[in-house]
Amino acid sequence: VKLRTKMILLVISLVVMCVVPLSTIVLFRNQAVVLDKTFEVCRNLANNISNLAMDELLVNVTFDATQTSLARLKQTNISGLVDSYILNKNGEFVAELNESRLGTKTETTEHEYDQSLTELSLKEISLDNQSILRFSFPIFLDHFEPKMRVGTAVFDFDKTTVYQPVEQIRSTIFGVSSILLGIGVIMALFTSISLSKPIQILSEGASQIGNGDLNYRIPLSGKDE
């Protein structure tokens, strides 16, 4: 019984030691790839929208072209995109995908964060009990020296949706690991029985002979020790 238990524990330990590090590496690698791809999408969107918004942000009167470009994002069905908006240099919402905060101002801490940006940046926030990946892109007028900051383009992505492919890989790894673990336990149990049964027969035979039955023969078919 002890031999069987030890072999089963050994198999479980080997499976855990092999699968857990490998699955962790795969998950982190895939998460990094997904995040890089999302960065690339945001950078392309930000560049396109910023080119349209620059003149309107400089005049700071009407934002019809900017609002139209954001409205078109709804038709593209970008996976995980929850909201997108443009802030002017004063932190006011001048264009927004959902058009729910137009004319209002962002929070002071958020405005200070946006003002400190020099390139596309990411931070994770909690919004309405939802984990959000917020990408913020500062908009500058390049033909001024020094560069004139006129606003910020912001893209909010649902973290769960963005990392859904990673979660699917995680589930697959855990499923395969469970199957391998089950197969390993069965093989360990079979091997331990095949090893422990001759030892048990030998032990019982030794007890019979030790009790004085010298005519008893131990029925072992193997020729090894």
Side-chain angles (χ1 to χ4, degrees), residues 1-43 76-83 113 120-136 155-225:
V1 175
K2 291 182 179 180
L3 178 61
R4 295 176 189 175
T5 304
K6 288 181 179 179
M7 291 198 67
I8 292 174
L9 291 176
L10 177 61
V11 170
I12 293 175
S13 300
L14 289 174
V15 172
V16 170
M17 286 190 296
C18 293
V19 172
V20 171
L22 179 61
S23 61
T24 302
I25 293 172
V26 171
L27 288 174
F28 277 109
R29 178 57 186 162
N30 279 275
Q31 185 169 322
V33 170
V34 169
L35 195 58
D36 286 342
K37 291 298 182 183
T38 308
F39 251 107
E40 185 178 341
V41 169
C42 288
R43 186 172 286 107
T76 59
N77 294 323
I78 299 175
S79 178
L81 183 63
V82 177
D83 196 8
Y113 169 77
L120 180 65
S121 300
L122 165 67
K123 69 175 181 177
E124 185 175 340
I125 64 170
S126 179
L127 185 64
D128 298 330
N129 297 322
Q130 187 178 16
S131 294
I132 297 295
L133 299 176
R134 174 163 290 174
F135 296 84
S136 302
F155 304 91
D156 286 348
F157 283 82
D158 178 23
K159 181 181 178 181
T160 302
T161 304
V162 170
Y163 287 149
Q164 187 175 5
V166 180
E167 292 299 324
Q168 292 174 347
I169 294 174
R170 187 199 304 270
S171 300
T172 301
I173 290 175
F174 286 154
V176 173
S177 300
S178 299
I179 294 174
L180 291 176
L181 182 60
I183 295 174
V185 170
I186 294 173
M187 292 179 63
L189 184 60
F190 176 79
T191 305
S192 63
I193 290 175
S194 64
L195 290 175
S196 62
K197 188 174 180 180
I199 296 175
Q200 184 178 0
I201 294 174
L202 182 61
S203 176
E204 292 174 353
S207 297
Q208 291 282 351
I209 296 173
N211 290 331
D213 187 1
L214 300 179
N215 293 322
Y216 184 80
R217 295 293 180 268
I218 299 174
L220 290 178
S221 57
K223 296 182 181 181
D224 54 9
E225 291 80 357

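It should be emphasised that the depicted structure is a prediction, and the values quoted were computed from it without experimental measurement.
With sequence neighbours excluded, no residue satisfies ring-ring contact (aromatic ring centres under 6.0 Å, His included) with Tyr113.
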Test side-chain contact (heavy atoms from CB on, under 4.5 Å) applied to Thr38 and Phe135, step by step: CA-CA 9 Å; Thr38 308; Phe135 296 84; 3.6 Å; yes
Verdict with reasoning, Ile78 to Phe157, per side-chain contact (heavy atoms from CB on, under 4.5 Å): CA-CA 9 Å; Ile78 299 175; Phe157 283 82; 3.9 Å; yes
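To the nearest 0.5 Å, atom CG of residue Asp36 and atom CD of residue Gln31 are 11.0 Å apart. Note that CD of Glu40 is 11.5 Å distant from CG of Leu120, once rounded to the nearest 0.5 Å. Going from atom SG of Cys42 over to atom CZ of Arg134 covers 12.0 Å, rounded to the nearest 0.5 Å.
The two residues Asp158 and Ile132 make their nearest non-hydrogen contact at CA-CD1, 4.3 Å. The minimum heavy-atom distance linking Val166 with Val34 is given by the pair CG2-CG2, 3.9 Å. Pairing each heavy atom of Thr161 with each of Ser79, the nearest pair is CG2-OG, 3.6 Å.
Looking only at side-chain heavy atoms (C-beta outward), Asp83 and Leu127 stay at 4.5 Å or farther from each other. Counting heavy atoms from C-beta on, the side chains of Tyr163 and Leu35 come closer than 4.5 Å.
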